[in-house]
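Residue numbering restarts at 1 for every chain, and letters A, B, ... go by the order of the sequence lines. Any value given below was found using the heavy atoms of this structure, including those in side chains, with hydrogens, waters and symmetry copies removed. Fair warning: this is a prediction, and the values are worked out from it, not measured in the lab.
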Amino acid sequence: MEVSDVPAVPEWLPGHLDADGVESLYPPQAAAVEAGVTEGESLVASIPTASGKTLIATLAMLSAVKRGGKALYIVPLRALASEKKAEFEQFEQYGVDVGVSTGNYDSDGEWLAKKDIIVATSEKVDSLVRNGAPWLAQLDCVVADEVHLVDDPTRGPTLEVTLAKLRSRNPGLQIVALSATIGNAGELADWLDAELVDSSWRPIDLRKGVHFGQALHFDDGTQEQLSVQGNEKPTAAIVRDTLRDTVEDGETVEEGGSTLVFVNSRRNAEAAARRLANVVSPELDGDELAALADVADEIRDVSDTETSDDLADAVEKGAAFHHAGLSPDHRELVEAAFRDRLVKCVCATPTLAAGVNTPSRRVVVRDWRRYSGDAGGMQPLSVLEVHQMMGRAGRPGMDPYGEALLLASSHDELDELFERYVWADPDPVESKLAAEPAMRTHLLATVASGFADSRETLLSFLDGTLYAAQTDEQGRLERVVDDMLAYLERNDFIERSRDGDTERLTATNLGHTVSRLYLDPMSAATIIDGIADADDPSALGLYHLVSRTPDMYQLYLRSGEREQYTQVAYDHETELLGTQPSEFEESRFEDWLAALKTAKLLDDWASETDEDRITDRYGVGPGDIRGKVDTAEWLLGAAESLAGERGFGNVQAIREAKKRVQYGVRQELIDLADVRNVGRKRARRLYEAGIESRDQLRNADKSVVLAALRGRERTAETVLEHAGHPNPEMTDVTPDPDAEPVVATDTSGSSESAEENDQSSLGDF
DNA sequence: GATGTAAATATTTAGACAGCATGTC
DNA sequence: CTAAATATTTACATC
């Protein structure tokens, strides 16, 4: 089908796509159009990665916009939200407005109401529904990207409930659900009353195979010999093989390409990158090495940690690792260098399989089992997960085909891998809505936002979910609902009242607050219990409290740390809030200690401890600090609201603890750090120079400020301007030598990087 | 006694959404 | 109820 034959899309679209080199539709796209996506028909598209899902969504959304409507694009990751926004902004020249809404990057409220296309995470949409964003009523088309995630035990129910709510509020709504290839796409289509496009068609061929011995065995029955040097590992041999040009009759028929290696732990990723760097580097030319050295320098500038150094060392040699312990800057640098074909080999944990688009000539799924605490050992990855990783092979328009390989160490394993992953039918997707944590959260939200006002209406609302469509065990749902309603009532989140014959459910004020704050009710109960009797809680106590909440993911206690933190608990006994579980309650006590470890990390951060000391002390990456700090900030904000709601007298203490994590400063710097452009480092220097508050900064001697900020005029000017100084101008001001910072931190480095390190990398968001 | 290497033993283990109020060089 | 790769320590040989 030609683009010009697609009905109901804007007139300018065929021309625009033509200029992009798109003339005709891929078969699944054509099928979607025939099913009526551009005419408001709902659709479930279960098709492989990179087979043109985005265009299907685009056609649907633009046709809705053309009819004067509004479209919402739901993504699972914040990183994807910005990627999609950038992609849709190409249509702004035709008057299509695009907006984004996620937790940290928000263009909220009124402003979104004017946009034609809005990109948001599923949690954000859920939150908007709860808080009754008026523009939701104007939606005509909702795209749900990566719908197979309804299978996810923690985040799946949110997507499921959100879709159900949007549909029940707006019956004519068009839903376009995009999914990886799954086993039960038909079931999803039935649930959403949608047409179905279920196809395994791909624009570029994907050859799946298994490596065994010295050969690659492919799914088309062919084999390829691999030249192995010495006793090198299979992954090394594959990476080198991928890198070399394929030469036939003295002519290069195919240029060398890059490899993406998936492993099962961060440490493995780093170790593999270190080893493979030595395989890649001999194959690089001078230009490439120079460009890589530049990237390595940028990486070192991001933060002064071991992770940063190790990553830069690998990148210098053309390899890299990628996992969630990296700071967002690190991740982006690695992704960009890999896309630019500068870095030839990236060793990654699953972050890269689900995240932004980073295709590669070859993909190696090195580890197909992963440790799982509750399963008590190594568990095989799901078919879907492995397929998602494999799907990263082959760059559209650049490679003739992609190759994805698993590694076998025995003949039996070779057979098993073919059986389990290469030939395997995709797994079906199953709703996890009946899990208790999901239920207590969504039941409260459903009652609080007025979707249901009784047990009956609640159950009938739940009837519109995928869970109801899938289960034949009717009693289970009712049982969980009753349990969770009892829990919510016990904790004063909902109330039951009699209205004639029927029992009515209403959310209490507290319940409304909890739902609005987007807290797990159990987190709210924990927090309230902890702060209720704490007149003057310490920062550490509050950090521990929010770290114990189910909304904070746990750090892991390493060997010897059990004793260490038991001692810490003893030392700070009086500060810790709530009741301490008995030491004999094995797992509860361990969780409590793990939360204490998290609390200490936050406390260190809020005591101006250096980033590299924290990463070292707690065995975490820079990205983990960011994550913890972020979550703590949110939960303390929630705690502040809850304390206000309950009329507790400790609101101020909570706010201060929040500001301290937020800025990473001690008590005395909060006021200074509140000034824009002043982070933990600058605030400390100003303080040392005798400027101890915002007021003092406003009226400060300019030469003192300039010296404290290490003679950087531009910085000093902006800082003074934001502090409200009457005349921030720095011309002819000379730094006061008495006010210069005494710390001998590297003045040797380039001024650029010194300046970047000056403001902590966690400062801006 | 310093150094190097192999073998035994110990340790560790993926990912990531959200409130609110305002605006980064 | 299930593992495996890497890190660390120890044992031992060599200079």
> Can you name the side chain to side chain contact (heavy atoms under 4.5 Å, CB included) partners of A:A448, sequence neighbours left out?
Replying inline: A:A507, A:H512, A:S515
> Who does B:dA16 pair with, Watson-Crick or G-U, both distances under 3.5 Å?
Replying inline: none
> A:Y618: what forms a ring pair (Phe, Tyr, Trp, His ring centres under 6.0 Å) with it, not counting sequence neighbours?
Replying inline: none
When you compare the protein's N or O atoms with those of nucleotides 16-19 of chain B, which come within less than 3.5 Å of each other, and at what distance?
residue	atom	partner	partner atom	Å
B:dC17	OP1	A:R78	N	3.2
B:dC17	OP2	A:R78	NH2	3.3
B:dC17	O4'	A:R155	NH2	3.2
B:dC17	O3'	A:T121	OG1	3.4
B:dA18	OP1	A:G103	N	2.6
B:dA18	OP1	A:T121	OG1	2.8
B:dA18	OP2	A:R78	NH1	2.7
B:dA18	OP2	A:G103	N	3.4
B:dG19	OP1	A:K124	NZ	3.4
B:dG19	OP1	A:S127	OG	3.1
B:dG19	O4'	A:L517	O	3.4

>> For a 4.0 angstrom threshold against heavy atoms of chain A, report the outermost contacting nucleotides of DNA chain C in 5' to 3' order.
In response: C:dT2 to C:dA7
> Who pairs with A:T358 by side chain to side chain contact (heavy atoms under 4.5 Å, CB included), at least two apart in sequence or on another chain?
Replying inline: A:E335, A:F338, A:R339, A:L352, A:R392
> What nucleic acid atoms does A:R130 come within less than 4.0 Å of, heavy atoms only: base, sugar-phosphate, or nothing?
Replying inline: nothing
> salt bridge (charged side-chain N to carboxylate O under 4.0 Å, His left out): which pairs involve residues 371-381 of chain A, sequence neighbours left out?
Replying inline: none
> If we take the P atom in both C:dT6 and B:dA14, what is their distance in whole Å?
Replying inline: 14 Å
> Partners of A:N268 by side chain to side chain contact (heavy atoms under 4.5 Å, CB included), sequence neighbours excluded?
Replying inline: A:V263, A:N264, A:S265, A:R366, A:D367
> Hey, does A:D126 reach any base, or is it just sugar-phosphate, or nothing, if we go heavy atoms under 4.0 Å?
Replying inline: nothing
>> Only Watson-Crick and G-U wobble pairs with both distances less than 3.5 Å should count. Give DNA chain C in dot-bracket notation, marking inter-strand partners with |.
In response: ..|||||||||||||
>> For A:F648, give me all partners under ring pair (Phe, Tyr, Trp, His ring centres under 6.0 Å), at least two apart in sequence or on another chain.
In response: none
> NA contact type, A:E561, heavy-atom cut-off 4.0 Å: base, sugar-phosphate, or nothing?
Replying inline: nothing
> Taking only residues two or more places apart in sequence or in another chain, which ones pass ring pair (Phe, Tyr, Trp, His ring centres under 6.0 Å) with A:H211?
Replying inline: none
> Quick one: ring pair (Phe, Tyr, Trp, His ring centres under 6.0 Å) partners of A:F262, sequence neighbours excluded?
Replying inline: none
> Which residues pass the salt bridge (Lys or Arg N to Asp or Glu O under 4.0 Å) test with A:R440, sequence neighbours left out?
Replying inline: A:D520
>> Please confirm whether the shortest side-chain N or O distance from A:S559 to OP1 or OP2 of B:dT12 is below 4.0 Å.
In response: yes
